[in-house]
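Keep in mind that this is a model prediction, so the values were computed, not measured. Only heavy atoms go into these numbers, but all of them, side chains included; no hydrogens, no water, no symmetry mates.
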Amino acid sequence: MNNKLYGNLIFELSRKGRCGYSLPKNRFGVYEIPQLIQRKKEPELPECDELTVVRHYTNLSGNNFGVDNGFYPLGSCTMKYNPCIDEEVAALPAFQNLHPLQPADSVRGAEAVCTLLKQSLCELTGMKAFTLRPFAGAHGELVGLMIIRAYHESRGDERRLKVIVPDSAHGTNPASAAVCGLEVVEVKSLDDGTIDTTHLRTLVEEQGEEIAAMMMTNPNTLGLFEKRIPEIAEMIHGCGGLLYYDGANFNPMLGVCRPGDMGFDVMHLNLHKTFSTPHGGGGPGAGPVGVRDGLQEFFPEVSPYHGNFAVLMRAYAYILSLGREHVKEVGPLATLNANYVKESLKDLYRLPIEGLCKHEFVFDGLADKSTGVTTMDVAKRLLDYGYHAPTIYFPLLFHESLMIEPTEVESKDTLDGFIDVMRRIAHEAVEHPNDVKTAPHHTPIGRVDDVEAAKHPIVTFKQLQYDNS
Ligand SMILES: *Cc1c(COP(=O)(O)O)cnc(C)c1O
């Protein structure tokens, strides 16, 4: 890689008068742009030859890290392999060239795919009906809570404006509740990481008539299966509330158990985590919402047309390519992989909660705290070895959270490679702690000062000092 070009912005490669195109003579006459909207100054666009532009962006794209070029153990976000066949299906011209305003009788095939996808999701989750329209997980949460509000209002029960959310929940849960105009009531976790049902009982006894719903993630954000769901469902239903299931990371449950059978009333799935759409760059997603029988009539209109259709296509292709028999292997394999990595590292990393995890688990930093090497340092050092960092400093239950999810699609060789590197870093932390504390050393950009970057971001080119000689 040409290092001179590496860190440069396209503006820095600009040379006055250089040009990458030539246009034919104007044969159409001049269109006069009204004075009012004409710019006062020439736009300051970079002036480059074509190859410089191509190489600049090609080299930049090579700096991108994704599941297609390396292991990506990001917990609570299920960055897994997205099979190419699903991309191909979504890109079929017959689907890709559809126009949202086409007459209904010319899109029967696309409609049929949506119907079949809804049926599959119902079967996988035990829900009665799905809407495919929400654009993301958080959007699905909002839609789910809107359904719950509409349900209570339809019964004249307008005092129910509180939502119980566990302290281990994903940040979008309380945020969605707030956007929906609901008040968040936090329920504590026990030392074993699962919901404190004694605390929950107190909340329900004191505020039961104001509880609209409880939101839950299961397996929860620590990767632990909440064993007391029947008891929790009874308490929440007993006080007149509904039970919401955050199924963003549904892979550990696929083909093993179903929220609908456990007493959940409303749920969302992230098709862009569990069902084969790449995510991470904030790209298009889909957060379908499922409900138990009787709640379908409260589906709101939240997006035009059919939601993110290409994401729905990938999900359906993914489900069909696994089929009824192989879909059952997703959950057990995700669980096996996570436990394998956890057990292979727990002598060197602090495991705050022992026992079987599901698809993911959380370490509380290195076991040996005397070196001063933090979770941030370990995460940065992993980049030197070509691995994406796990989720760090989340959940907030521990000070040095390091949350690892290998997913079901990784081979034992890949996991062994990762385990070796994690063990090596733990040894480095003792033998050469400074190497770890100053990592990364082999990436295009070294350790950034994230506080400075957040407080004084430089987002315009002009402010940069550079040597253009
Ligand atoms: C990712 C995630 C969400 C939010 O999904 P988005 O599509 O990013 O809005 C919600 N809950 C959990 C548990 C998640 O992992």
Side-chain angles (χ1 to χ4, degrees), residues 66-68 77-96 98 100 107 109-141 143-144 245-256 258-260 266-291 299 302-331 333-334 359 405 407-409:
V67 270
D68 285 358
C77 268
T78 320
M79 299 290 280
K80 56 183 188 167
Y81 169 59
N82 305 118
C84 298
I85 179 113
D86 304 342
E87 293 294 327
E88 277 176 38
V89 169
L92 286 175
F95 294 121
Q96 200 177 34
L98 290 177
V107 292
E111 279 178 6
V113 174
C114 291
T115 305
L116 290 166
L117 174 61
K118 285 184 205 170
Q119 284 169 2
S120 303
L121 297 181
C122 285
E123 200 160 326
L124 288 167
T125 59
M127 290 288 152
K128 179 70 180 179
F130 262 89
T131 168
L132 302 176
R133 300 209 162 194
F135 287 129
H139 197 197
E141 291 168 23
V143 167
Y245 182 85
D246 178 337
N249 308 297
F250 195 61
N251 55 331
M253 310 288 273
L254 260 186
V256 182
R258 311 192 307 168
V266 183
M267 69 174 291
H268 81 271
L269 293 165
N270 277 27
L271 299 187
H272 51 293
K273 282 181 184 169
T274 306
F275 295 93
S276 173
T277 280
H279 72 287
V289 171
V291 294
F299 280 151
V302 290
S303 68
Y305 314 115
H306 292 279
N308 272 329
F309 183 67
V311 179
L312 308 179
M313 287 299 304
R314 288 191 196 95
Y316 190 55
Y318 174 79
I319 292 169
L320 283 192
S321 62
L322 282 179
R324 198 176 282 277
E325 46 187 315
H326 298 298
V327 95
K328 292 200 179 95
E329 290 170 31
V330 171
L333 280 176
H359 58 309
E405 171 170 10
T407 79
E408 63 279 8
V409 285

**OP:** Mind running side-chain contact (heavy atoms from CB on, under 4.5 Å) on Leu269 and Phe130 for me, showing each step along the way?
**Re:** CA-CA 10 Å; Leu269 293 165; Phe130 262 89; 3.9 Å; yes

Subject >> Test log, rule side chain to side chain donor-acceptor pair (under 3.5 Å), inputs Asn82 and Ser276 >> reply: CA-CA 5 Å; Asn82 305 118; Ser276 173; 4.6 Å; no

**OP:** Take Cys77 and Lys273 through the side-chain contact (heavy atoms from CB on, under 4.5 Å) test and state the conclusion after the steps.
**Re:** CA-CA 7 Å; Cys77 268; Lys273 282 181 184 169; 3.9 Å; yes

**OP:** Could you please spell out the steps behind the side-chain contact (heavy atoms from CB on, under 4.5 Å) verdict for Ile319 and Leu124?
**Re:** CA-CA 10 Å; Ile319 292 169; Leu124 288 167; 4.1 Å; yes

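Distance CG/Leu92 to CD/Glu87: 11.5 Å, rounded to 0.5 Å. Taking CG from Leu121 and CG from Leu132, the interatomic distance works out to 6.5 Å, rounded to the nearest 0.5 Å. The OH atom of Tyr316 sits 5.0 Å away from atom OG of Ser120, with the distance rounded to the nearest 0.5 Å. A distance of 13.0 Å separates OH of Tyr305 from CG of Leu98, quoted to the nearest 0.5 Å. In this structure, NZ in Lys118 is found 13.5 Å from NZ in Lys128, a value given to the nearest 0.5 Å. Expressed to the nearest 0.5 Å, how far CZ of Phe275 lies from NZ of Lys80 amounts to 7.5 Å.
Pro278 is not listed as a side-chain neighbour of His272, based on a closest heavy-atom distance of 4.5 Å or more. Side-chain atoms of Val266 and Val289, non-hydrogen and from C-beta on, do get closer than 4.5 Å to each other. Between Met267 and Met127 the shortest side-chain heavy-atom distance falls below 4.5 Å. Two residues are said to be in side-chain contact when any heavy atoms from C-beta on lie closer than 4.5 Å; Phe135 and Val311 fail this criterion. Considering only heavy atoms from C-beta on, Phe299 comes within 4.5 Å of Thr131 through its side chain. Residues Pro288 and Leu271 form a side-chain contact, since some pair of their non-hydrogen atoms from C-beta on lies under 4.5 Å apart. You'll find the side chain of Asp246 reaches within 4.5 Å of the side chain of His268, heavy atoms only. Residues Val256 and Lys328 form no side-chain contact, since every pair of their non-hydrogen atoms from C-beta on lies 4.5 Å or further apart.
The environment of CD in Glu111 is crowded: more than 12 heavy-atom neighbours from other residues, nucleotides or ligands sit within 6.0 Å. Counting heavy-atom neighbours within 6.0 Å of Leu116 CG, excluding the residue itself, gives a total above 12.
Partners of Glu329 by salt bridge (Lys or Arg N to Asp or Glu O under 4.0 Å), not counting sequence neighbours: none found.
Counting all heavy atoms, side chain and backbone alike, Asn251 lies closest to Glu405 at ND2-OE2, 3.2 Å. Nearest heavy atoms, Ala315 versus Leu117: CB-CD1, 4.2 Å. Across all non-hydrogen atoms, the minimal contact from Val113 to Met313 is CG1-SD, 3.6 Å. Residues Ala248 and Thr274 come closest through the heavy atom pair O-OG1, 3.1 Å. Minimum interatomic distance between Ala317 and Asp86 (heavy atoms only, all atoms of both residues): CB-OD1, 3.5 Å. Annotation for Phe95 and Val89: closest pair CD1-O, 3.7 Å, computed over non-hydrogen atoms.
Ring planes of Tyr245 and Phe250: perpendicular class, angle over 60° (limits at 30 and 60°).
Salt-bridge formation is not detected for the pair Arg314/Glu88: no Lys NZ or Arg NE/NH1/NH2 atom is positioned less than 4.0 Å from an Asp or Glu carboxylate oxygen.
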